Amino acid sequence: EVQLVESGGGLVQAGGSLRLSCAASGFTFDDYAICWFRQAPGKEREGVSCMASSDGSISYLDSVKGRFTISKNNAENTMYLQMNSLKPEDTAVYYCAASRTYSTAYTLLVSRYKDYWGKGTLVTVSS
């Protein structure tokens, strides 16, 4: 059974940091593009960061550039999102996703279709 399971969410003060993890089972990340998306209350789901499978190139949502970092560990079949300098507007449910595609990182970021999705982890940033 294919699964993506997120962890690491929680409550943090503005300016703080969190590291989200996403563990995969039933498939391996080696040939998959990976992404983090988020959905704030009353808003549409948006791409936060994606890493292309073809060349490892990365795209970020403009509002998180310089603060968030996407990475993965193929040996552990786990992907990560390091979030620093968090702001109240970063509050959302964060989802990891993966697709077996050679799309560019930017295309992945703006496309909501993905092969697999996690169930999400809540990040709350207090002011």
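Index from 1, following the sequence. Predicted model only: the values in this text are computed from it and were never measured.
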Determine whether Leu4 and Val93 fall in the same hydrophobic cluster, where Ile, Leu, Val, Met, Phe, Trp and Tyr are linked whenever their side-chain heavy atoms lie under 4.5 Å apart.
no

Between side-chain atoms of residues 47-54 and protein atoms elsewhere (two or more places apart, or another chain), which donor-acceptor pairs fall under 3.5 Å?
{"unit_1": "Ser49", "atom_1": "OG", "unit_2": "Ser59", "atom_2": "O", "d": "3.1"}
{"unit_1": "Ser53", "atom_1": "OG", "unit_2": "Thr101", "atom_2": "O", "d": "2.8"}

Could you see if Phe29 belongs to whatever hydrophobic cluster contains Leu109? Use Ile, Leu, Val, Met, Phe, Trp, Tyr and a side-chain cutoff under 4.5 Å.
no

Between Tyr32 and Tyr116, is there a side-chain heavy-atom distance shorter than 4.5 Å?
yes

Hphob cluster co-occupancy, Tyr60 + Tyr106, side-chain heavy atoms under 4.5 angstrom
no

If only atom types and distance count, is the side chain of Asn77 paired as donor or acceptor with the main-chain N or O of Ala23 below 3.5 Å?
no

Could you tell me whether the side chain of Lys114 and the main chain of Cys96 form a donor-acceptor pair under 3.5 Å?
no

According to a 4.5 Å side-chain heavy-atom criterion applied to Ile, Leu, Val, Met, Phe, Trp and Tyr, with indirect links allowed, do Ile70 and Leu86 form part of one hydrophobic cluster?
yes

Are Leu61 and Leu20 connected, step by step, through hydrophobic side chains (Ile, Leu, Val, Met, Phe, Trp, Tyr) whose heavy atoms are closer than 4.5 Å?
yes

Check: Lys72 side chain, Ile34 main-chain N or O, donor-acceptor pair, under 3.5 Å:
no

Any salt bridge between Asp90 and Lys87, counting N to O under 4.0 Å?
no

State, with a plain yes or no, whether a side-chain heavy atom of Arg67 is found less than 4.5 Å away from one of Met83.
no

Under 3.5 Å, side-chain donor or acceptor atoms of residues 119-127 against the rest of the protein: list the pairs with distances, not counting sequence neighbours.
{"unit_1": "Thr121", "atom_1": "OG1", "unit_2": "Gly9", "atom_2": "N", "d": "3.2"}

Please check if atom CZ in Phe27 has more than 12 non-hydrogen atoms from other residues, nucleotides or ligands closer than 6.0 Å.
yes

Taking ring-ring contact (aromatic ring centres under 6.0 Å, His included) as the definition, give me every residue that meets it alongside Phe37, ordered by chain and number, with sequence neighbours left out.
Trp117

